Amino acid sequence: MATGKPRVAVCRALPGRTLEILSEACEVELASPDDGAPPPERWAEAVRRAEGVLLCVGERLDGVLVAQSSALRAVASMSAGVDHVDLRALGARGIPLATIGPVLSEATADLAFALVLMAARRLGEGERAVRAGTWRGWAPGYLTGLEVHGATLGILGMGRIGRALARRGRGFGMRVLYHNRRPLPPEQAEGAEYRSLEDLLAESDHLVSLLPSTPETRHLLDRAALMRMRTDAVLVNAGRGDTLDLDALVDLLRQGRFTGVGLDVYPREPLPPDHPVLGFERVVALPHLGSNTRATRAAMAETAARALLALLRGEALPPGAVAEATA
Ligand code: DGY
């Protein structure tokens, strides 16, 4: 029975009060009954019937699906990244897209800094040794790592997460450098100094990449870039997987470069368990956990739901939501 409420497609059972918020004002079609990704055809069916769409980074909204969804007029993503959405296709139809970047910055910066600590101090290796029973007791040279406190932290991609990471670095007494497309006004740089990409790579003891996935950033960290880094540096990728050439990284790890590498994102997710990068003890590999605290994930989903309602009603976006340029 028609209710007069707009129909919205929601990818999965999302945390917090998300479904209640939407159900009060919309007819909600849930494409997956639980936390798991819906089968692509089930997702497409729901989107084709919808006026509004709420999705996560695990679902795609490509040009073909946008073209097939004639009623579609608003999209919100429970993410900072937009690489799973065809911005041009939305722009061509004048369909607005909201994301929720500000909501996840602090949790993601915590995770990126945790990866620096894990990779620099070889914590993954140590934890595995205790469990495996291969730990032979305290020894002065056993699993020695790199200093974090007082070292140089390089941040590649100085958006909100980068600035939150710079604050953590300063808290550890680090010298903080960054590279961005453009230098930030000093009052926004959190005490970090701007460097060219080449200088950032060469000067950083710990380099954290927070790059989004765009045609310009694909494989920005290629073999030549990685070769510019100190041979004993720590490298962390907590941005998007395709910005780092994983084959080149594997090759350089084989040559003995890097004290440690921390990865939270991959060109293909989930990362196949037989991927050669997992063959190195000094690689810490996490399953895309950047924003993953209970409070942040609930806030992300609820903010995205409120943003979708605002777009459908033609109202201003709620705090924490961001209007993406779709043209
Ligand atoms: C994002 O929001 O883009 C994150 O990668 C999801 O945790």
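First listed ligand is number 1; within each ligand, the first listed atom is number 1. This one's a predicted model, so the numbers in the text were calculated from it and none came from an experiment.
- Salt-bridge annotation for Arg230 and Glu203: absent, with no side-chain N of the basic residue lying under 4.0 Å from a carboxylate O of the acidic one.
- Salt-bridge check for Arg167 with Glu190: passed, with a basic side-chain N closer than 4.0 Å to an acidic carboxylate O.
- The ring of Phe172 has its center closer than 6.0 angstrom to the ring center of Phe113.
- Below 4.0 Å from some heavy atom of His288 lie the following atoms of ligand 1, by number and element: 4 (C), 5 (O), 6 (C), 7 (O).
- Of all the atoms in ligand 1, the ones that sit under 4.0 Å from a non-hydrogen atom of Ser79 are 1 (C), 2 (O), 3 (O).
- The CD1 atom of Ile161 lies 4.5 Å from the OG1 atom of Thr108; values are rounded to the nearest 0.5 Å.
- No donor-acceptor pair under 3.5 Å is formed between the side chain of Asp247 and the backbone N or O of Val250.
- Contact annotation: the side chain of Val277 approaches that of Leu253 to within less than 4.5 Å [non-hydrogen atoms, C-beta and beyond].
- Of all protein heavy atoms, the one closest to atom 7 (O) of ligand 1 is Ser291 OG, 2.9 Å.
- Near Gly81, the atoms of ligand 1 lying under 4.0 angstrom from a non-hydrogen atom of the residue are 1 (C), 2 (O), 3 (O).
- Counting heavy atoms closer than 4.0 Å to ligand 1, residue Arg240 contributes side-chain atoms (C-beta onward) but none from N, CA, C or O.
- With a 4.0 Å heavy-atom cut-off, ligand 1 is reached by no atom of Glu269.
- Under the 4.0 Å criterion applied to side-chain N and carboxylate O atoms, Arg168 and Glu106 are assigned as salt-bridge partners.
- Any N or O atom pair closer than 3.5 Å counts here, and Ala80 shares at least one such pair with ligand 1.
- Residue-ligand proximity, Arg297 to ligand 1, at heavy-atom distances under 4.0 Å covers atoms 7 (O).
- When non-hydrogen atoms are compared, ligand 1 lies under 4.0 Å from the side chain of Leu104 (C-beta onward) but not from its backbone.
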